[in-house]
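Take a look at the structure below.
Note that this is a predicted model, so its numbers are computed, not measured. Chain letters run A, B, ... following the sequence lines, proteins first, then strands; residues in each count from 1.
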Amino acid sequence: MDVVKPLPRSFYNRDTLVVAQELLGKLLIRRFSEGCIVAKIVEVEAYRGRDDPASHAYRGETPRNLLMFGKPGFAYVYFIYGNHYCLNVTSDQEQVPGAVLIRSVEVIEGSKLAYRNRKAKSLVNLSNGPGKLTQALDISKTHNGLDLTKSGELFISTSRTCEKVETMITKRIGIRAGIEKPWRFYIRNSAFVSRQ
DNA sequence: GAGAAGATCTCCT
DNA sequence: GGAGATCTTCTCA
């Protein structure tokens, strides 16, 4: 696992829609003292700024969404519905709000650790949803603002398999505004996608 | 300071 | 398929 390097800042410093699509198939690495969990990103959604009424950044800068306006390549974690955390990655250049919501992942290594964090009936059920994957990977508010270009306890790396992913593009899920924008991307035929 | 809404999940019917 | 859980954040007075 030592050969795995985080994606550079330049990867995130692009249009949010491009970053979102290219994150598919990449590996999310979560390190613990006992070992690490490696999970493939299979489903994401893009959120932008002024042109996106579903985005937290739509109404302008607030203490909560400050990270979306800052440098790309940082974790933006927020609490929702009184129960769940959602993991986002900030994107686009500084002062241009943008973030990619990671909706579901496929745990490839370290499933024992993931099951310890989250009791689930199957591997699919372990991480096929925004709230589920943050539970399985033990991601919470403490990771808000974490630099994902540093090789720390949480970062994203390129896939070692270099497999080609077939991307499906659909409308986003679970939102009321901006539903017409086709900014949800997932890997075709993946059983780990929250909704086909 | 109060009220309302929310990028979800699980349980129950 | 529907509703409850539960709490942070924002808006408005």
Side-chain angles (χ1 to χ4, degrees), chain A residues 12 15-21 23-24 26 28 39 41-70 72-92 96-107 114-146 148 154 156 167-187 190-196:
Chain A
Y12 304 101
D15 188 287
T16 300
L17 298 181
V18 175
V19 176
Q21 288 180 73
L23 274 175
L24 290 177
K26 298 289 188 295
L28 186 63
I41 298 170
V42 298
E43 183 183 351
V44 298
E45 279 178 10
Y47 287 89
R48 305 216 292 194
R50 295 286 183 194
D51 60 340
D52 183 6
S55 170
H56 288 171
Y58 179 63
R59 295 165 191 272
E61 202 173 309
T62 66
R64 180 203 201 187
N65 64 26
L66 204 62
L67 281 160
M68 288 182 74
F69 290 81
F74 285 82
Y76 170 41
V77 183
Y78 63 86
F79 196 59
I80 189 125
Y81 295 123
N83 287 326
H84 306 288
Y85 291 102
C86 290
L87 172 65
N88 296 247
V89 182
T90 62
S91 57
D92 221 320
V96 179
V100 178
L101 168 70
I102 297 176
R103 284 193 57 90
S104 60
V105 299
E106 173 184 352
V107 174
Y115 275 118
R116 186 195 64 181
N117 294 330
R118 176 181 150 75
K119 306 266 182 294
K121 291 172 186 172
S122 67
L123 194 64
V124 169
N125 201 259
L126 195 59
S127 58
N128 65 336
K132 295 179 185 179
L133 78 91
T134 50
Q135 253 188 31
L137 271 62
D138 192 26
I139 293 167
S140 66
K141 209 175 169 181
T142 58
H143 298 94
N144 194 32
L146 197 76
L148 298 174
L154 180 70
I156 299 169
T167 307
M168 296 293 288
I169 302 173
T170 68
K171 292 174 181 176
R172 291 174 295 183
I173 291 174
I175 55 174
R176 295 187 184 182
I179 53 175
E180 74 286 351
K181 295 187 192 303
W183 289 353
R184 172 175 177 249
F185 310 100
Y186 64 86
I187 296 177
S190 171
F192 291 82
V193 170
S194 59
R195 282 184 228 177
Q196 295 280 353

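Remark: the A:Arg184 side chain and the A:Thr170 side chain contain an N/O donor-acceptor pair separated by less than 3.5 Å. In the model, A:Tyr85 has no side-chain atom that pairs as donor or acceptor with a side-chain atom of A:His143 under 3.5 Å.
Considering only side-chain atoms of A:Lys132, the nucleotide from B:dG6, B:dT10, C:dC10 that sits closest is B:dT10. Of the candidate nucleotides B:dC9, B:dA7, C:dC7, B:dA7 has the atom nearest to the side chain of A:Met68. Looking at the side chain of A:Phe79, the nearest of the listed nucleotides C:dC7, B:dC9, B:dA7 is C:dC7.
In this entry the distance linking CG of A:Leu101 with P of B:dG6 reads 16 Å, nearest Å. Per the geometry, NE2 belonging to A:His84 stands 9 Å off C1' belonging to C:dT6, to the nearest Å. The separation between A:Ile179 atom CD1 and B:dG6 atom C1' is 15 Å, rounded to whole Å. Protein atom OH of A:Tyr85 is 20 Å distant from nucleotide atom P of C:dA5, rounded to whole Å. The CG atom of A:Asn83 sits 18 Å away from the P atom of C:dA3 (whole-angstrom rounding). Summarising the geometry, the separation between CD on A:Glu43 and P on B:dT8 is reported as 10 Å, rounded to the nearest angstrom. When the P atom of B:dC9 is taken as reference, atom NZ of A:Lys119 falls 18 Å away, rounded to whole Å. Between the CG atom of A:Leu66 and the P atom of C:dT9 there is a distance of 13 Å, given to the nearest Å.
C:dT9 is paired with B:dA4 under the criterion used here, namely a Watson-Crick or G-U wobble arrangement in which both key atom distances are under 3.5 Å.
Looking at heavy-atom distances under 4.0 Å, A:Thr62 makes contact with sugar-phosphate atoms alone, never a base. At a threshold of 4.0 angstrom between heavy atoms, the contacts of A:Arg59 are confined to the sugar-phosphate backbone, with no base atom among them. Counting non-hydrogen atoms under 4.0 angstrom, A:Arg118 reaches the backbone sugars and phosphates but no base.
Put simply, the side chain of A:Asn144 gets close to the backbone of A:Val77: a donor and an acceptor are under 3.5 Å apart. Using modelled atom types, no side-chain atom of A:Arg172 and backbone atom of A:Trp183 make a donor-acceptor pair closer than 3.5 Å.
Around atom CZ of A:Arg59, no more than 12 heavy atoms belonging to other residues, nucleotides or ligands sit under 6.0 Å away.
A sub-4.0 Å separation between OP1 or OP2 of C:dT8 and a side-chain N or O of A:Lys141 is absent. For the OP1/OP2 pair of C:dC7 and a distance below 4.0 Å, the side-chain nitrogens and oxygens of A:Arg64 include no atom meeting the criterion. Side-chain N/O atoms of A:His56 include none lying less than 4.0 angstrom from OP1 or OP2 on C:dT9.
In this structure, the aromatic ring of A:Tyr81 is positioned over the six-membered ring of the base of B:dT8, centres within 5.5 Å and planes within 30°.
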